[in-house]
Amino acid sequence: MKSRKSKVLLSIVLVAVLLFSNSNTIPAQAETGSYTRLCNVPDEEVTLKDGKTKVKCTNLGTMCIVDSTLYCIKTDSTDSASVLYIIKNYTSSSATITKKTIKNKSGQVTSIGHGNGMTYYNGSIYVATMIGSGSGSQIVRINTSGVIQEGFTYNHSISSISYSRGGYFIVNGKQDTTGYRKYDVVSLASGKASRYKSFYVKIADNRISQDTHYEDGTFYIVRTVDDGNLNKNKLIIVDLSATIVDGKKYSYDVVDINGSGSGKFEIESLDIAGGKVIACANSGTDGIFKLSYSIAKIQIITPVLNRVG
């Protein structure tokens with residue numbers, strides 16, 4: 001009888017521990033991080049499909065890393081053209097850059113919208129276009145040479161995309177007024193994105209939502225202060241654990257990463273490689289940067305390999 005009481009007590013304790021570990025009342029841990037420039041990403045001029053109009057791609061909007069190669073996209077101010085940059089040796093000022101104007105399969109320069117988010121999965125790059133629902137593809141799949149393979153529609157504009165696992169992607173959900181940022185887990189097939197589940201992160205501020213990244217159960221969200229300087233950024237780090245719980249409101253840690261002085265330093269996107277957080281940013285000279293911070297519980301991160309599931 002005494003043994004049974006002990007087992008019951010142990011069970012109660014275990015349940016209490018599990019409930020506490022899933023609580024959303026854990027306060028966010030905050031600190032100030034820093035950055036180091038690795039290489040520059042120059043602008044590129046593109047001639048549109050009319051053969052006459054020239055535009056300059058100046059907005060460094062998103063990036064991803066595959067093995068030792070970094071891919072990023074720059075788009076012109078009218079969202080008419082985009083260039084895929086293929087950067088080898090990106091950790092050095094002697095990085096080698098190959099530029100591919102993004103085109104359709106017929107070889108015509110084709111818009112992929114604002115090109116605000118990207119992720120790699122199973123040999124392809126998936127780009128969040130920020131195109132509104134009903135007027136084009138909210139996600140496009142391109143190959144690593146910048147050729148559009150297919151598009152996917154969804155019920156709202158998509159500004160961020162991250163491959164998670166099992167063939168599923170995480171995209172931003174529709175904005176709501178509850179003080180929480182919604183994210184949808186979706187599958188992509190037959191030209192459509194289909195919602196599988198959703199989760200929430202409590203974000204209520206005047207910051208611009210940039211791209212996101214998922215890495216082994218940790219979800220990274222980049223946000224930038226919406227002011228004239230665009231040089232104050234928050235890296236929000238969410239522990240999603242092994243399984244994303246549908247409808248759950250997650251707590252998070254915060255790292256402030258700000259530019260020096262009043263010059264522009266707008267972090268747009270990030271990835272993890274070799275245990276380091278690598279980001280692209282629009283600044284006086286756009287470039288690739290290494291971000292540094294020391295929050296203990298999020299230091300164990302693994303190198304990025306080809307993501308195939």
Side-chain angles (χ1 to χ4, degrees), residues 31-42 59-75 83-99 115-121 125-128 144 159-164 170 209-224 230-238 253-260 264-295 298-307:
E31 70 162 86
T32 300
S34 60
Y35 60 90
T36 304
R37 182 181 290 272
L38 299 178
C39 68
N40 298 332
V41 182
N59 179 59
L60 177 56
T62 185
M63 58 159 281
C64 67
I65 299 172
V66 185
D67 297 329
S68 59
T69 301
L70 186 146
Y71 297 88
C72 60
I73 289 175
K74 275 195 161 186
T75 301
V83 174
L84 177 68
Y85 291 69
I86 305 163
I87 307 178
K88 303 282 188 181
N89 195 28
Y90 62 88
T91 60
S92 167
S93 58
S94 61
T96 58
I97 301 177
T98 302
K99 304 167 191 174
N116 203 68
M118 65 192 288
T119 191
Y120 178 85
Y121 170 61
I125 294 169
Y126 293 78
V127 183
T144 53
S159 59
S160 66
I161 184 168
S162 303
Y163 178 70
S164 58
I170 300 173
S209 288
Q210 311 284 15
D211 200 10
T212 60
H213 177 68
Y214 176 93
E215 187 80 19
D216 294 337
T218 301
F219 188 53
Y220 300 81
I221 304 167
V222 180
R223 290 175 71 80
T224 306
L230 293 174
N231 67 354
K232 296 181 178 64
N233 307 277
K234 281 191 182 294
L235 177 57
I236 294 172
I237 303 163
V238 186
D253 293 314
V254 179
V255 180
D256 291 314
I257 302 176
N258 302 325
S260 58
K264 184 177 182 180
F265 184 71
E266 181 186 9
I267 298 176
E268 295 274 0
S269 184
L270 60 85
D271 207 327
I272 312 294
K276 297 178 176 62
V277 182
I278 308 298
C280 67
N282 282 313
S283 56
T285 301
D286 300 339
I288 306 301
F289 300 82
K290 180 182 74 172
L291 308 184
S292 301
Y293 53 84
S294 60
I295 294 176
I298 53 177
Q299 286 302 293
I300 304 174
I301 46 184
T302 57
V304 171
L305 301 176
N306 282 337
R307 298 189 184 91

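Scanning both residues, Ile267 and Ala279, for their nearest heavy atoms gives CG2-CB, 4.0 Å.
Residues Cys39 and Ile97 have side chains not in contact (no heavy-atom distance under 4.5 Å, counting atoms from C-beta outward). Using a 4.5 Å cut-off on side-chain heavy atoms (C-beta onward), Cys64 and Tyr163 make no contact. Side chains of Tyr126 and Tyr121 form a contact here, defined as non-hydrogen atoms less than 4.5 Å apart.
Screening Ile65, Thr96, Leu38, Val41 for a side-chain contact (heavy atoms from CB on, under 4.5 Å) with Ile87, the sole residue that qualifies is Val41. The only option from Lys74, Glu268, Lys264 that meets the side-chain hydrogen bond (donor to acceptor under 3.5 Å, both in side chains) definition with Asn282 turns out to be Glu268. Applying the side-chain contact (heavy atoms from CB on, under 4.5 Å) test between Tyr214 and each of Val238, Ile170, Thr119, Ile272 identifies Ile170 as the sole match.
Note that CD1 of Ile288 and OH of Tyr35 are 14.5 Å apart. Values are rounded to the nearest 0.5 Å. Here the straight-line distance linking atom CE of Met118 with atom OG of Ser269 works out to 7.5 Å at 0.5 Å rounding. One finds the OH atom of Tyr293 at 7.5 Å from the CD1 atom of Ile257 (value rounded to the nearest 0.5 Å). We find the OG1-CG distance between Thr98 and Leu84 to be 9.5 Å, quoted to the nearest 0.5 Å. With rounding to the nearest 0.5 Å, the separation of SG in Cys72 from CD1 in Ile125 is 10.0 Å. Atoms CG and OH, from Leu291 and Tyr220 in turn, are 10.5 Å apart once rounded to the nearest 0.5 Å.
Looking at Thr212, its side chain never comes within 3.5 Å of a backbone N or O of Ser160 through a donor-acceptor pair. In terms of modelled atom types and a separation under 3.5 Å, the side chain of Ser283 and the main chain of Phe265 share no donor-acceptor contact.
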Item to complete: Take Asp211 and Val222 through the test side chain to side chain contact (heavy atoms under 4.5 Å, CB included) and record every step on the way to the result.
Response: CA-CA 6 Å; Asp211 200 10; Val222 180; 5.9 Å; no
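In this structure, Lys99 places its NZ atom where more than 12 heavy-atom neighbours from other residues, nucleotides or ligands lie under 6.0 Å away.
A donor-acceptor pair shorter than 3.5 Å can be found between the side chains of Thr224 and Asn233. Side-chain N/O atoms of Lys88 and Ser68 include no donor and acceptor closer than 3.5 Å.
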